[in-house]
There are 2 protein chains.
Amino acid sequence: MVFECIRRHGPIARVDVANDTGISPATVTAIVAEMIEEGLVEESPDVEAETGKKRGRPRVYLKIRGEAHLVGGLKIAHRSISTVITNFEGEQIAKRETPLARTSHETAELAERCAEAIEETAKDAGLDAADLSAVGVGMAGLIDANRGFVHWSPSLLSRNVAIAPALSERLKSPVFVDNDANLVAMAERLFGRGRDVDDFLVVTIENGVGIGIVLGGQIYRGVRGCGAEFGHTKVQLDGALCRCGQRGCLEAYVADYALVREASVAYPTNDSIDPVHAVETLISDAKKGVQPAQTIVARAARMFGMGLANLVNIFDPELILLAGERMHLDHLYEEEIQSSIRNLTVEVDAPPPKIVIHKSSDEMWAMGAAAFAISGVTELSLRKRRNHAA
Amino acid sequence: MVFECIRRHGPIARVDVANDTGISPATVTAIVAEMIEEGLVEESPDVEAETGKKRGRPRVYLKIRGEAHLVGGLKIAHRSISTVITNFEGEQIAKRETPLARTSHETAELAERCAEAIEETAKDAGLDAADLSAVGVGMAGLIDANRGFVHWSPSLLSRNVAIAPALSERLKSPVFVDNDANLVAMAERLFGRGRDVDDFLVVTIENGVGIGIVLGGQIYRGVRGCGAEFGHTKVQLDGALCRCGQRGCLEAYVADYALVREASVAYPTNDSIDPVHAVETLISDAKKGVQPAQTIVARAARMFGMGLANLVNIFDPELILLAGERMHLDHLYEEEIQSSIRNLTVEVDAPPPKIVIHKSSDEMWAMGAAAFAISGVTELSLRKRRNHAA
């Protein structure tokens, strides 16, 4: 918590870390001392006092030590891998986009693709993959981040894969894996719209529908590490068939594949339809009022609005961020969604949560993965230090 | 947090309070000193050491000081008010059930009914209402507990009522008001099944469907104080009409009034049907396989299962407790619900959350209200003390 606070607000004085986290000043001082000795955090001069802008004794500020470690961040998308390398302050040093020939992979094959992507990105920056202290990975699916374990992911052909150890062995460095929507939420919390908001949700819509839940400033993951599952919540009993095999999932109405399924009926002649193109055509036709494109998109928007309204009813959050690829296509969609939410949330005479569309690139997601790796490195080095002491 | 920990685990040593809460031992000692001076907490002898069951230096334990204050707890139900009086340890001193002539009230009238209920209960115990240091009140609806403000409640004819000040003026003591399902969750956390579980949900089904969300040991209330709304989450776009005026709410399928609505079609001759009786008849007929009773109850159960499955998908909690009146009617219902949940939650090779039916009386809900009053009194006296010091 101390590290996250310095990362979000640094340069920051020790007393403000104590105030912000609710941890006692003595404990903050002790933890900071450990982190300074480990080289993770450094003291930073009081610029205002030094330049004479402020009177009185200069205060000592804390900040993350950028050169402490280099880390990699990786987002495994539908048909590509986005990679970044950042310093310990999260400043980007290199980035790269690598295409993937297919969507689902054998574990060893995916590890190979990830390793190649990281190696190429390192090379771009005149580095070696071995220079990275850790790699963070975001992927879609049901992922237990504590164990780096994939219950299920659309990117993997097998279920129940201990993915972090597999990647770690190939990459020769610690690997931290989380659900990709959680990592967008982490990126928003550290660098984006969630910086000053303690309770917010990030909902992503692209090939699937994801959610990251931030409560009290922390990512909420559930007990088995498979919580925060939104795309497979049910919006219709015995409804449309979903990729997961169940019926009536939100995804089965709003995800790309669901729109493509409808498009294949709407545009039957176009039989070898390219998914990305089909969805774009559908939405652009819908905007022009062409039927049945319009009715297809309108239903998807209303179903999505219903799902979001349920989140508002349950969480009553300060903010919901809508992120992801599909958010690039938008307007008609957006209005339908917003009006569904208004009509389907419980009525109170208090302003509803802000719902903000924050189009985020795969690069942003990879930055979230790098941020996760930074947290991981910090925990590892403090734990190692304490084990030494004990 | 320190108080809640002592209340849940006392008698407990200071060091264990620090371990359990994550608050530094020095801070725990300082807070405990304040609470002892205020007479809220007391030291308790080490019984095991004194009786020779344990060797070594006797430890000092902390417990709530039962005689510190008396409080009232009140649950406003559909057609009755349940009242308890407890000491500061939450031990029951008196209880009473007072019938209500109607369901919805003017604010002043409801305040009058509550005051009478409290006065009568006090009299039963040879006390006066003025002996109570505070009263906790639980009622259905959208309630901002921080402000004691009712956005909407089925028990009140008006919206936007500052109910706590209104009751406080009539009762001449501080009043703390919360959503009734939150208070059941609090009771379960303090005295019941949630004692050793940090993340759990309590779902109540009676006239409406309620939820109490406990995350990290704390009740989650949302930003505007109208979160944790489950009964009006939508399970069907443009579905059955709900009392709230919207369509497709979970309540519109599973609450008493929804079953009565269906029963009025199933049993058309019985035109002045008594709600409680109608639901009982319906469920008993359904168990015998009588149609259409069976199909009515089966759909309600499946819809309820779908709603619960969505909660499992989102929260991945350790435990869900099903509480409330409707849980008395049960079995057929229960199996349908459990199987719906199994079929509609995302599949992982890890055991699903425990779903436990914990039939709880209105008295249990009133005990939760009393517990809420105890927390309120504690906060008030520590705040008063600090204001004095400042």
Side-chain angles (χ1 to χ4, degrees), chain A residues 22-24 26-27 142 144 151-152 159-160 198-199 211 213 215-216 218 220-238 244-248 299 302-303 306-307 309-319 340 343-353, chain B residues 22-24 26-27 142 144 151-152 159-160 198-199 211 213 215-216 218 220-238 244-248 299 302-303 306-307 309-319 340 343-353:
Chain A
I23 298 170
S24 74
T27 308
L142 300 169
D144 185 340
H151 292 288
W152 173 83
R159 295 179 77 96
N160 301 320
D198 283 342
D199 298 317
I211 192 174
I213 300 172
L215 300 180
Q218 304 287 313
Y220 179 81
R221 289 194 170 88
V223 166
R224 295 172 299 166
C226 61
E229 175 51 52
F230 180 51
H232 300 282
T233 58
K234 304 300 175 281
V235 291
Q236 172 100 42
L237 196 59
D238 300 331
C244 76
Q246 297 182 345
R247 284 195 175 275
R299 186 182 72 168
R302 293 185 69 214
M303 281 294 195
M306 172 176 157
N310 284 346
L311 294 178
V312 173
N313 286 329
I314 289 172
F315 286 102
D316 183 28
E318 199 170 329
L319 172 70
S340 291
N343 296 334
L344 299 175
T345 44
V346 291
E347 273 183 74
V348 295
D349 292 339
Chain B
I23 298 171
S24 74
T27 308
L142 300 168
D144 186 339
H151 293 288
W152 172 82
R159 295 179 78 95
N160 301 319
D198 283 341
D199 297 318
I211 191 174
I213 300 172
L215 300 179
Q218 305 288 312
Y220 179 81
R221 289 192 170 91
V223 166
R224 295 173 298 166
C226 60
E229 176 49 55
F230 180 51
H232 300 282
T233 58
K234 303 300 174 283
V235 292
Q236 172 100 41
L237 195 59
D238 300 329
C244 75
Q246 297 182 344
R247 284 195 174 276
R299 187 182 72 168
R302 293 186 68 215
M303 281 292 193
M306 171 176 157
N310 285 345
L311 293 178
V312 173
N313 286 329
I314 289 172
F315 286 102
D316 182 28
E318 199 170 330
L319 172 70
S340 290
N343 296 333
L344 299 175
T345 44
V346 292
E347 272 184 73
V348 295
D349 292 341

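This one's a predicted model, so the numbers in the text were calculated from it and none came from an experiment.
- Only the backbone of B:Thr345 comes within contact range of chain A, judged by heavy atoms closer than 4.5 Å.
- For B:Leu344, the parts lying under 4.5 angstrom from a heavy atom of chain A are both the backbone and the side chain.
- In terms of heavy-atom pairs under 4.5 angstrom with chain A, the leader among B:Val312, B:Asp238, B:Asp144 is B:Asp238.
- With rounding to the nearest 0.5 Å, the separation of CG in A:Asn310 from CG in B:Asn310 is 7.5 Å.
- Each of B:Leu215, B:Ile211, B:Ile213, B:Thr27 has some count of heavy-atom pairs under 4.5 Å with chain A, and the biggest count is that of B:Leu215.
- Residues A:Val346 and B:Glu229 share a closest heavy-atom pair of CG1-CG, 3.6 Å.
- For chain B, the nearby parts of A:Ile314 are the backbone and the side chain; heavy atoms of each come within less than 4.5 Å.
- Of all non-hydrogen atoms in A:Asn343 and B:Gln246, the two that sit nearest each other are O-NE2, 3.0 Å.
- Taking A:Arg221, A:His232, A:Met306 one by one and counting their heavy-atom pairs under 4.5 Å with chain B, the maximum is reached by A:Met306.
- Heavy-atom pairs under 4.5 Å with chain A were tallied for B:Phe230, B:Trp152, B:Tyr220; the largest tally goes to B:Tyr220.
- Top candidate by heavy-atom pairs under 4.5 Å with chain A, chosen from B:Arg159, B:His151, B:Lys234, B:Gln236, is B:Lys234.
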